[in-house]
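The structure under discussion appears below in the form of structure tokens.
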Amino acid sequence: MPDSLPQTLYATFAAKIDAALGALEMEGALPPGSDRASVSVEPPRDPAHGDLSTNAAMVLAREAKTNPRALAEKIVAKLEGDPLVSSAEIVGPGFINLRLSDANWLHELSAIERLGGDYGRSARGHDRRVNIEYVSANPTGPMHMGHCRGAVVGDALAALLEFAGHQVVREYYVNDAGSQVQTLARSVHLRYREALGEAVGAIPEGLYPGDYLVPVGQALAAEFGGRYAAAPEGEWLDLFRERAVAAMMAMIRSDLALLGIVHNVFASEAELQRAGKPEAAEAWLREHDLVYDGVLEAPKGKTLEDWEAVELPLFRSTSFGDDQDRPIRKSDGSWTYFGADLAYHMQKAEGVDAMIDIWGADHAGTVKRIKAAVAALGEGGGQNGRGPIPFDVKLVQMVQLLRDGEPVKMSKRSGSFVTLADVVEEVGKDVVRFTMLTRKPEAQMEFDFAKVVEASKDNPVFYVQYAHARIRSTLRKAGAEGLGPDAGALDRLGADELALVKLAAQFPRAVEAAAEAREPHRIAFYLYDLAAGFHAFWNMGNDDPAKRIIRLEEPALTGARLFLAERVAQVIRNGLGILGVQAVEEL
RNA sequence: GCGCCCGUAGCUCAGCUGGAUAGAGCACCAGACUACGAAUCUGGGGGCCGGAGGUUCGAAUCCUUCCGGGCGCACCA
């Protein structure tokens with residue numbers, strides 16, 4: 001992505017204010033090198049306060065050894081000569097409120113047209129490579145709704161960071177080495193015997209009972225006949241595990257595809273172990289005295305009768321903020337989940353500048369140790385000589401499924417969970433994705449089937465899509481009358497239209513803020529606001545026909561309004577694109 | 001017992017990394033449809049931002065502590 005993307009209006013003015021502060025430093029009104037990190041330039045909450053507001057005078061007054069209003073006077077003096085500024089005033093404790101000339105806003109409208117699908121795209125990420133690991137569900141069955149939120153949030157975050165100028169790797173960690181996939185292999189073996197005609201009866205406790213394993217067993221029966229039916233486990237376990245995992249991953253990929261999610265990398269834990277990555281990590285950590293052989297304390301607050309003290313290789317996670325040192329190997333010498341995961345993060349860190357993991361809240365307890373591990377791997381320049389790299393774990397809270405207000409029962413044991421595929425089929429991909437993004441991820445949420453499919457303004461997905469469809473419909477209708485968008489008479493637009501322009505012009509800022517905070521849900525809320533702004537504009541035409549977009553008797557004004565409407569639709573498309581939701585032509 | 005997350009209008013939730021008089025939808029009350037798409041809109045009432053301290057020009061936002069809810073606390077994954 002080019003660095004030469006045109007600056008947004010907000011960035012332009014942030015630069016102007018920065019320049020004004022620089023000039024004041026030169027003049028000695030401000031101490032040189034003053035800290036401008038907390039200087040903000042943003043639209044005020046109340047539009048009556050102008051188009052832009054900065055707190056610069058309040059933040060810097062102390063350093064300048066003066067009071068905020070006096071400093072504000074000096075800053076305003078620098079800005080007043082600017083032709084793009086129509087007014088600058090000092091209010092309250094020292095805010096500087098700017099009003100921009102109408103030409104600025106109309107210019108922004110043209111910028112949206114010129115940039116089209118790239119409007120809002122930013123170079124702020126500086127092409128930094130970011131690895132986002134999300135979903136990473138165990139390959140033991142189809143995707144269910146428990147996985148859904150993390151999948152959507154991770155995918156939207158990936159798109160958001162890409163839009164904000166990062167190179168993104170979408171990664172899925174396949175846990176194909178632990179005991180769960182052995183259980184899977186045994187479950188498949190049972191289905192295999194069943195496919196050969198054996199009466200297997202009820203699926204025993206401890207094995208996976210789901211019907212989705214039946215075709216896997218049938219395929220193995222077709223391929224190998226009765227060869228492994230009575231064979232000892234050692235002869236078939238690895239083979240069945242590999243086949244079963246492959247089948248599960250194929251199923252998971254197709255489930256994810258229903259949501260429009262495609263990962264770039266599927267990293268296998270088994271391969272990681274075959275390649276000796278955990279050993280390499282352990283050796284390096286031992287060299288740096290970050291792994292030692294020790295004995296764990298008995299867990300507190302839990303009564304474990306069969307607790308016995310055993311010496312294990314422990315990682316010094318307490319040195320990095322964890323509550324307890326964590327074993328990387330079990331007493332039989334095999335790797336713990338954490339030991340392998342530590343090596344996995346070391347591997348991921350090799351090719352990127354930052355890492356983000358999206359986890360379910362039920363794994364919250366293991367965040368500290370993995371953060372400790374990544375920090376440790378950067379010790380003293382680090383394993384790869386690049387020091388610690390920024391690493392963030394985002395937790396998404398559980399989703400409570402409701403049907404008409406009643407909780408939907410899910411039991412993993414009986415295999416009766418609500419699959420993602422069923423839900424997508426019932427309510428649609430766009431509804432699932434948007435709904436998952438209308439709440440901040442760390443808050444618990446409810447997902448009520450009855451409510452999310454409702455086609456009314458109570459449903460944000462619908463409300464946003466309706467705005468887009470309405471605009472497209474209006475453009476079609478105008479086209480039938482021989483009218484179309486025309487930038488020739490934009491000066492005919494009045495205050496009501498400008499308010500809408502200002503809303504649309506905030507999109508680039510919304511993208512940057514959301515990317516900075518790594519919170520894709522902010523885009524969903526921004527789109528809701530923009531849609532609301534458009535609907536409000538539209539409704540003025542109900543009471544006053546002079547405010548309708550299409551005015552056959554005023555073709556020039558109609559052209560300008562259609563031009564505005566088309567730009568609003570463009571911004572909605574760009575925003576929905578980040579969220580992976582389709583912008584529909586009609587409902 | 002310990003750790004993490006959450007607590008904002010009656011309900012569901014925002015609140016732009018500390019800014020100005022805390023917002024939106026639902027619900028409630030009063031109005032508006034021979035329609036550029038009423039699948040909606042306009043106006044109104046409704047708040048100790050869980051409580052109490054602290055930090056500073058300024059706190060829903062940051063710190064401490066308590067209360068309430070959720071998740072977790074294996075050599076599991």
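In what follows, chains are A, B, ... by sequence order, proteins preceding strands, each numbered from 1.
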Check: Would you say the ring centroid of A:Y172 lies under 6.0 angstrom from that of A:Y134?
Finding: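 No - the distance between ring centres of A:Y172 and A:Y134 does not fall below the 6.0 Å cut-off.
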Checklist line | Within the 6.0 Å centroid threshold, strictly below: A:F447 and A:F449 | finding: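 A:F447 vs A:F449: aromatic centres under 6.0 Å.
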Item checked: A:D357 and its side chain to side chain donor-acceptor pair (under 3.5 Å) partner, picked from A:H345, A:K371, A:K394 ->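 Testing A:D357 for a side chain to side chain donor-acceptor pair (under 3.5 Å) against A:H345, A:K371, A:K394 leaves exactly one candidate, A:H345.
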Pick base, sugar-phosphate or nothing for [X], based on heavy-atom distances below 4.0 Å to the nucleic acid.
X      : result
A:S334 : nothing
A:T558 : nothing
A:K368 : sugar-phosphate

Candidate nucleotides [options], ranked by approach to the side chain of [X] - the nearest:
X      : options             : value
A:P93  : B:G19, B:A77, B:C75 : B:G19
A:E42  : B:A20, B:A77, B:U17 : B:U17
A:Y337 : B:A20, B:A77, B:C76 : B:A77
A:R369 : B:C4, B:G19, B:A77  : B:A77

Check: Do A:Q180 and A:N138 have side-chain N/O donor and acceptor atoms under 3.5 Å apart?
Finding: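 Judged by distance alone, the side chains do pair up.
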Note to self: Hydrogens and angles aside, do A:E171 and A:Y344 bring a side-chain donor and acceptor to less than 3.5 Å of each other?
What the structure shows: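 Present: a donor and an acceptor within the cut-off.
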Integer angstrom distance from the [atom1] of [N] to that of [M]:
N     : M     : atom1 : answer
B:A59 : B:U21 : P     : 10 Å
B:G23 : B:G47 : C1'   : 12 Å
B:G50 : B:A60 : P     : 10 Å
B:C71 : B:G58 : C1'   : 36 Å
B:G15 : B:A74 : C1'   : 41 Å
B:G10 : B:C73 : P     : 36 Å
B:G72 : B:C11 : P     : 26 Å
B:C13 : B:A9  : C1'   : 11 Å

Check: RNA chain B: A:G365 or A:Q397, which has the more 5' nearest nucleotide?
Finding: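 Its nucleotide being nearer the 5' end, the pick is A:Q397.
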Checklist line | Under 4.0 Å protein heavy-atom contact, by nucleotide of nucleotides 27-44 of chain B - B base, S sugar-phosphate only | finding: ---------BBSBSS---
Return the value, rounded to whole Å, for the distance between atom [atom1] of [X] and atom [atom2] of [N].
X      : N     : atom1 : atom2 : answer
A:K502 : B:C16 : NZ    : P     : 22 Å
A:Q444 : B:G72 : CD    : P     : 11 Å
A:F434 : B:A14 : CZ    : P     : 13 Å
A:L402 : B:C11 : CG    : C1'   : 13 Å
A:W335 : B:C76 : CH2   : P     : 13 Å
A:K394 : B:U17 : NZ    : P     : 14 Å
A:D322 : B:G72 : CG    : C1'   : 13 Å
A:I328 : B:C75 : CD1   : C1'   : 12 Å

Side-chain ion pair, [X] and [Y], N-O less than 4.0 Å:
X      : Y      : result
A:R241 : A:D176 : no
A:E497 : A:R492 : no
A:K502 : A:E108 : no

Less than 3.5 Å between a donor and an acceptor, one on the side chain of [X] and one on the base of [N], is that the case here?
X      : N     : value
A:N97  : B:A20 : yes
A:S179 : B:A77 : no
A:N55  : B:G19 : yes

Margin query: Quick check on A:K451: does its NZ atom have over 12 non-hydrogen neighbours (other residues, nucleotides or ligands) under 6.0 Å away?
Written below: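 Not more than 12 within 6.0 Å, no.
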Item checked: Cationic tip of A:R470 above A:F534 ring, under 6.0 Å, 45° of axis ->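 Not flagged: A:R470 not positioned over aromatic ring of A:F534.
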Next item on the list: Compute both the distance and the angle, then confirm whether A:R567 meets the cation-pi test with A:F563: under 6.0 Å from the six-membered ring centre, within 45 degrees of the axis.
Entry: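 Yes, A:R567 and A:F563 form such a contact.
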Check: Once Watson-Crick and G-U wobble pairs under 3.5 Å are found, how is RNA chain B written in dot-bracket notation, 5' to 3', with | for any base paired to another strand?
Finding: (((((((..((((.....[...)))).(((((.......))))).....(((((..]....))))))))))))....
Notebook entry, point to check: For A:V135 and A:I358, what are the C-alpha separation, side-chain angles and deciding distance, and is it a side-chain contact (heavy atoms from CB on, under 4.5 Å)?
Noted result: CA-CA 7 Å; A:V135 188; A:I358 312 285; over 6 Å; no
Item checked: Stepwise side-chain contact (heavy atoms from CB on, under 4.5 Å) test for A:R522 and A:K440 -> CA-CA 8 Å; A:R522 292 193 193 188; A:K440 57 184 173 189; over 6 Å; no
Check: Any idea how A:Y463 and A:H535 line up, ring-wise: parallel (<30°), tilted (30 to 60°), or perpendicular (>60°)?
Finding: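 Geometry flag for A:H535 against A:Y463: tilted rings.
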Note to self: Is there a side-chain contact between A:K440 and the phosphate of B:C16, meaning an N or O under 4.0 Å from OP1 or OP2?
What the structure shows: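 Indeed not, no polar side-chain atom of A:K440 lies that close.
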Checklist line | Contact under 4.0 Å: A:K330 side-chain N or O vs B:A77 OP1/OP2 | finding: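 For A:K330, the contact criterion (side-chain N or O under 4.0 Å from OP1 or OP2 of B:A77) is met.
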Margin query: Any residue in residues 509-534 of chain A with a heavy atom nearer than 4.0 angstrom to RNA chain B? Just list them by number, or reply none.
Written below: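 A:R509, A:A513, A:E516, A:A517, A:H521, A:R522, A:F525, A:Y528 - these, ordered by number, are the residues of the stretch whose heavy atoms sit under 4.0 Å from the strand.
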Next item on the list: Answer yes or no for this row: A:H363 ring on B:G72 base, centroids under 5.5 Å, planes under 30°.
Entry: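 A stacking contact does not exist, since A:H363 is not both close and nearly parallel to the base ring of B:G72.
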